[in-house]
Novice: 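Take a look at this one; I'll ask things after.
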2 protein chains.
Amino acid sequence: MSIPEYHDSSGRRLVDYPRPSVAVDTAVLTPDPERGLLVLLVRRDSATRSDAWALPGTFLHEGETLAGAVLRSLDQKAGLRGQAPRQLYVFDDPRRDDRGWVLSVAHVVLLPPAVVAPVAEERPDDVQLRPVAEATGLPFDHDGIVEMAVAQVRAAYAERPDPERLLPEPFTLRDLRRLHEAVAGRRLQPDVFRRHVRDHLQSTGEATRGSVGRPAELFRHASR
Amino acid sequence: MSIPEYHDSSGRRLVDYPRPSVAVDTAVLTPDPERGLLVLLVRRDSATRSDAWALPGTFLHEGETLAGAVLRSLDQKAGLRGQAPRQLYVFDDPRRDDRGWVLSVAHVVLLPPAVVAPVAEERPDDVQLRPVAEATGLPFDHDGIVEMAVAQVRAAYAERPDPERLLPEPFTLRDLRRLHEAVAGRRLQPDVFRRHVRDHLQSTGEATRGSVGRPAELFRHASR
DNA sequence: TTAATAGTGTCTGTAAGACATTATGAC
DNA sequence: GTCATAATGTCTTACAGACACTATTAA
C-alpha cells in the first residue's frame, strides 16, 4: 500500500511516525442452558513465554479489519467459525506488553454451544471452557475484558429476545427462556419472561408434539 | 523503546509486521443551557487537503495513551484543556484514509460552556460551534462519531445527575435541570426531574438569595 | 398585594414481579 | 383420571408523567 506524501502541522511525514502494533483479544462466550450459566473459552498460548490460559488473540495484519483479525484468530487458534464480533475497548497503556508498543482492541463474540462445545472436546490441551464466574486470574487485562464482555451480552439480552440469533427457529418460549437464563446467570420467571418478549416474537401456529405436558407454541423472531 | 525478540506462531518477529498509524478523532460537546441544546465543536483543518470543517484529531505518538493524544490535540488545535475523554469506537476500514493505513479511535469529551465558548470567540476562522442537530455533512466517519457521542452523553445524563460534573457546586435544581435539558435536547418537567435526581444530591442547607421568586435550595452531588 | 419561582400532593397509566388458576397434552 | 407443563388472570408495588396546589421571596 503506497502512502502519499503528507506533512502534518509540525512538518513530519505521516510515514515517519513510529507506529504501534495492534492486537485483538476476544472473549468468546457461549450460553450453557443445561447448567444455566455463561461459559468463557480460554486457550493455552504456547507462543508467548507465559504458558497460561488466556483469551485468544492475534496481531492485526495489513489490509485487515479488526473483525477480520478476530475471526482469523478464532479460526486458527480454536478452529471456530464465528459471527460478528463486537468491539469493547482499546487497551492502550504503552507499557502493557513488554514485547513492545502494542494496543489491544478487546472484542466479544457470542456463539451457540453446539459450535463451541465440540472444539473444547477435541482439543482439551489447547482449549478449555470455564463458567464466567470462575474465569478470573487471567493474564494482562483479560479479566477486565471478560467483565465488559459479560456486561455487554447481558445488556443486549435484557433488551430483546436472542439478539444474536443463537436459537434455531422455530423455538418454544421455554427454549428461549433457558437461553436467557444462561446468559443472565439467574432464573427468570416464566410468566414475566413471556410478557416481556411476546410482542417481539411471531407465532408459527404450530406447537410441539409428543412432549410431556401441554404442547408449547412455536415461535419465530418477529419480522424486523 | 526496545522490542525483545519474539516469534509468533508463523515464525515472524513482532517487529516485522507492518503496523498501522493510529489516530484519534474527538467529538467535543458542550451544553448550551440558554438555548437548551447540545453544541459540537468543529475545526477547519488546513493540514489535510480537504479544507473542510471536521472533528479535531491527531496521530498517536510513541509512548502516549489515547486519552493523552486526545487531550494534546484539543490543547494544540483548539486551545482547550479537557477532562477525561471516553472511547466510542475504532474505525478500521483499511481504505478509510487515502494517506495510508490509519485506524481511528473515536472519542467523546463533554466540556462546560464556559471553557469552550471563549475559544470559539477568539478563533472564529479555526473553531466553530454548531448545534448537534445541524452538525451533519462532516467528512470521513465523523457524522457517525457525532451520533455515537451524543447517544453516549445522553445515556449517561439520563442515568444520573451531571455525571461529568460540569456544574460548579453548589447549584440549584433549576441549574441542574437546565443543564440536563441542554444535553437531552428537550424540556424536562421540573417536578418529575426533581424526584428523579433528588436522592443523588445532598442539600447544603443554604438557599439562593436576592433572586425573583422563592429562594431555591442549594445542592451538592451526594458523596458517592 | 402581585408576580415569579420553588417545592409538594396526588391522580393516572404502565410495567414488573409474584402468585393463583386454567388449559391441554401424554400416560 | 393423574401428572406435567403451557398459558393466562389478577393483585401489588413502583415509578413516570401530568396537573393542581402550596410556599416564599422581591418589588
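To find a chain, count down the sequence lines: A is the first, B the second, and so on, and within it residues start at 1. Keep in mind the model is a prediction, meaning the values are calculated, not measured. The analysis underlying the following values was restricted to heavy atoms, covering all of them including side chains, and did not include hydrogens, waters or symmetry mates.
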Novice: Please report, rounded to the nearest Å, how far the P atom of C:dT8 is from the CZ atom of B:Arg214.
Specialist: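 Nearest whole value for this atom pair: 7 Å.
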Novice: Tell me if the aromatic rings of B:Phe171 and B:His221 count as close, with their centers under 6.0 Å from one another.
Specialist: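 Yes: the rings meet the under 6.0 Å criterion.
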Novice: When we call it a touch if two heavy atoms are under 4.0 Å apart, what does A:Thr208 touch: a base, just sugar-phosphate, or nothing?
Specialist: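 No contact at all - A:Thr208 keeps every heavy atom at 4.0 Å or more from the nucleic acid.
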Novice: Could you tell me which non-hydrogen atom of B:Val108 sits nearest to which non-hydrogen atom of B:Ala149, and how far apart they are?
Specialist: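 In terms of heavy atoms, the two residues are closest at CG2-CB, 3.5 Å.
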Novice: B:Val192 near the nucleic acid: base, sugar-phosphate alone, or nothing, with a heavy-atom cut-off under 4.0 Å?
Specialist: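 Since a base atom lies under 4.0 Å of B:Val192, the category is base.
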Novice: Measure across A:Arg35 and A:Pro131 and return the closest heavy-atom pair with its distance rounded to 0.1 Å.
Specialist: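 Result for this residue pair: NH1-CG, 4.2 Å.
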Novice: Mind checking if B:Thr172 touches a base, just sugar-phosphate, or nothing, with heavy atoms under 4.0 Å?
Specialist: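 Counting heavy atoms under 4.0 Å across all strands, no contact is made by B:Thr172.
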Novice: Round to the nearest Å and state the distance from A:Asp199 atom CG to D:dT8 atom P.
Specialist: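 For the pair A:Asp199 CG and D:dT8 P, the rounded distance is 12 Å.
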Novice: Give a yes or no on whether B:Gln152 atom CD has more than 12 heavy-atom contacts from other residues, nucleotides or ligands under 6.0 Å away.
Specialist: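 Buried by this count: over 12 neighbours within 6.0 Å.
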Novice: Quick check on C:dA16: is either OP1 or OP2 less than 4.0 Å from any side-chain nitrogen or oxygen of A:His196?
Specialist: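 Affirmative; the distance criterion is met.
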Novice: Rounded to whole Å, please give me the gap between CZ in B:Arg209 and P in C:dA6.
Specialist: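 Rounded to whole Å, this separation is 17 Å.
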Novice: Could you state the atom-to-atom distance from CD of B:Glu217 to C1' of C:dT8 in whole Å?
Specialist: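 Rounded to the whole Å, the gap is 13 Å.
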Novice: Please pick, from D:dA18, C:dA16, C:dT24, the nucleotide with the shortest atom-to-atom distance to any side-chain atom of B:Arg195.
Specialist: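 The answer is D:dA18, which lies nearest to the side chain.
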Novice: Just the rounded figure in Å: distance from C1' of C:dT10 to CZ of B:Arg194.
Specialist: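 Distance, rounded to whole Å: 16 Å.
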Novice: On the nucleotide C:dG17, are OP1 or OP2 found under 4.0 Å from the side-chain N or O atoms that A:Gln189 carries?
Specialist: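 For C:dG17, OP1/OP2 do not have a side-chain N/O of A:Gln189 under 4.0 Å.
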